[in-house]
Amino acid sequence: MSDILGTLEELPQDYRDAMSAAGVAPLWPMMRNVLPHGQPNPVTSPGHWPFASLRTLLLRAGELTPVEKAERRVLVLSDPGRGVGAMQATSSIYVGMQLLLPGETAPAHRHTPSAARIIVEGEGGFTVVDGEKLPMENGDLVLTPGGDWHDHGHEGDKPVIWLDALDLPLFVYLEGSYAEEAPLQAQRNRPDASQVEYRAAGIVPTRKLEATVRRYPLMRYPWKNTEAALRELARFGDGGTAEVDFVNPETGTDVLPTMGFTAMMLAPGTPESPPRRSTSAVFHVVKGRGRTTINGTVIDWSAKDTFSCPVFAEVDHEATEESFLVRVHDRPLQTKLGYYEERAR
Ligand code: 1HN
């Protein structure tokens, strides 16, 4: 195995011109770019988007651009490694911060990428996904699976802000990303499935033998349940940092095809250093304050901030007060592709 591969420059100019004319290029000068040794060489750099500045900019967008002219009034959080305007925070994860003002609606559409929202501020916002009205309360995780119709509304009297996470970069890369539009959906007049079919862990509705179960039976994970679970795990668990996975209550598997979500509770003075993972991630701070070091880059975060992490990063979290983070990752995709990996520190 050679570490000294030939370069383009050492090839005669006439040969290089002939290759260009034939529409080909030699692999060997480019080989290590796409197959570095030992581990990937990510373009993604750690990013940090403090909420205070996003909020100010979003509220201004609310004055400058009516929702009718935006469809979705969103500021995109661009990966610093790719530069402002990049429609991705990591290789596979797009995130944006969205504002909806009282009385506004965002029209119904459906698209091939899947989305999830983490609610950041405000009351009275809701999403309708395939006819199911999903209230949006602080910290809730609300899913919009690919192919499902969704529109947003707002019955409160103050701005509502949430973080959107989508597997958009993947769909764009695959040239598989597109949308369809429709009028606002009729809403079924009943509470969402977190309050009916899936009120408690381990209990699901009994089915007839031939009945088909919805592919995405639960689309809202109320924060109050998540926080209560984390607190009990922290009290009675194995003593490490409490972290929970959001799962499909019918199958126990990932909630969406490519993106996964966890919530973690960090206790002050208890550092958390997960193994290096082959997944990239976006963290959102639901509550608290602390510091995360990612490959030597120090991120001092507080409530409602968002930060990102490349693949195989060395990550060290340390909270200075009791803190709750939601982690968006792409392990479901990597598991399906057969290469998810963790490396001990
Ligand atoms: C989308 O559908 C939403 O429904 C938000 O709120 C952000 C970014 C790219 C593509 C689709 C939404 C989006 C998006």
Side-chain angles (χ1 to χ4, degrees), residues 32-34 36 38-61 72-99 113 115-118 120 161-173 177 258-262 264 266 272-274 276-286 288-319 323 325-331 333-334 343:
R32 295 278 183 265
N33 300 346
V34 292
Q39 67 174 58
N41 183 17
V43 174
T44 307
S45 294
H48 178 207
W49 297 270
F51 182 61
S53 58
L54 292 185
R55 184 177 191 278
T56 306
L57 291 167
L58 259 185
L59 292 177
R60 183 116 190 263
R72 300 294 191 264
R73 195 190 286 109
V74 175
L75 296 178
V76 176
L77 281 51
S78 293
D79 166 29
R82 293 176 167 86
V84 170
M87 286 191 67
Q88 57 199 107
T90 75
S91 47
S92 63
I93 303 168
Y94 157 103
V95 282
M97 198 66 86
Q98 181 159 178
L99 169 72
R117 332 213 175 264
I118 301 160
V120 180
I161 298 176
W162 65 81
L163 186 74
D164 296 306
L166 283 89
D167 52 10
L168 181 72
L170 190 65
F171 281 77
V172 170
Y173 180 77
S177 187
T258 75
M259 281 188 298
F261 307 87
T262 77
M264 51 202 287
L266 297 171
E272 167 66 12
S273 298
R276 297 190 316 133
R277 300 181 171 111
S278 55
T279 46
S280 64
V282 171
F283 292 88
H284 180 72
V285 185
V286 177
R289 184 181 294 276
R291 165 176 290 192
T292 298
T293 307
I294 302 176
N295 293 335
T297 299
V298 175
I299 297 173
D300 285 307
W301 43 260
S302 56
K304 303 179 187 295
D305 285 7
T306 304
F307 58 97
S308 62
C309 173
V311 299
F312 285 103
E314 296 214 348
V315 178
D316 299 289
H317 303 288
E318 186 154 5
S323 297
L325 305 184
V326 171
R327 176 166 64 99
V328 184
H329 59 77
D330 54 358
R331 194 184 65 193
L333 171 69
Q334 295 195 358
R343 294 194 189 172

Suppose we screen for ring-ring contact (aromatic ring centres under 6.0 Å, His included). Which residues come up paired with F283, at least two apart in sequence or across chains?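 By the ring-ring contact (aromatic ring centres under 6.0 Å, His included) rule, F283 matches F307, H317.
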Which residues pass the side chain to side chain donor-acceptor pair (under 3.5 Å) test with R277, not counting sequence neighbours?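 R277 satisfies side chain to side chain donor-acceptor pair (under 3.5 Å) with no other residue.
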Polar side-chain atom of [X] near backbone of [Y] as donor-acceptor pair, under 3.5 Å:
X    : Y   : result
D79  : S45 : yes
N41  : N33 : no
D164 : V95 : no
S78  : G85 : yes
S308 : G47 : yes
S53  : W49 : no
D305 : F51 : yes

What closest approach, in Å, do [X] and [Y] show between heavy atoms, and which atom pair accounts for it?
X    : Y    : value
I299 : P46  : CD1-CB, 4.3 Å
V282 : A89  : CG2-CB, 4.1 Å
T90  : S280 : OG1-OG, 2.8 Å
I294 : P310 : CG2-CD, 3.9 Å
L168 : P113 : CD1-CG, 3.8 Å
K304 : H284 : O-CE1, 3.2 Å

Let me confirm one number: the [atom1]-[atom2] distance from [X] to [Y], rounded to the nearest 0.5 Å.
X    : Y    : atom1 : atom2 : value
H329 : C309 : NE2   : SG    : 12.0 Å
T279 : R327 : OG1   : CZ    : 6.0 Å
S92  : R331 : OG    : CZ    : 13.5 Å
I118 : M97  : CD1   : CE    : 9.0 Å
L166 : Q88  : CG    : CD    : 12.5 Å
L99  : R60  : CG    : CZ    : 14.0 Å

Answer with yes or no whether the side chains of R343 and S278 bring together a donor and an acceptor at under 3.5 Å. no
What verdict does the side chain to side chain contact (heavy atoms under 4.5 Å, CB included) test give for S323 and V285, after you've listed the backbone C-alpha separation in whole Å, the side-chain angles of each residue and the deciding distance to 0.1 Å? CA-CA 8 Å; S323 297; V285 185; 5.5 Å; no
With sequence neighbours left out, the residues meeting salt bridge (charged side-chain N to carboxylate O under 4.0 Å, His left out) with R276 are none
Can you confirm whether more than 12 heavy atoms, excluding those of R72, are under 6.0 Å from its CZ atom? yes
Evaluation steps, side chain to side chain contact (heavy atoms under 4.5 Å, CB included), between D167 and L333: CA-CA 10 Å; D167 52 10; L333 171 69; over 6 Å; no
With side chain to side chain contact (heavy atoms under 4.5 Å, CB included) as the criterion, how do L266 and L325 come out once you've worked through the C-alpha distance, each side chain's angles and the decisive distance to 0.1 Å? CA-CA 8 Å; L266 297 171; L325 305 184; 3.9 Å; yes
Under the criterion side chain to side chain contact (heavy atoms under 4.5 Å, CB included), I'd like the reasoning laid out for L77 against L163: C-alpha separation, chi angles, the key distance, then a yes or no. CA-CA 10 Å; L77 281 51; L163 186 74; 4.2 Å; yes
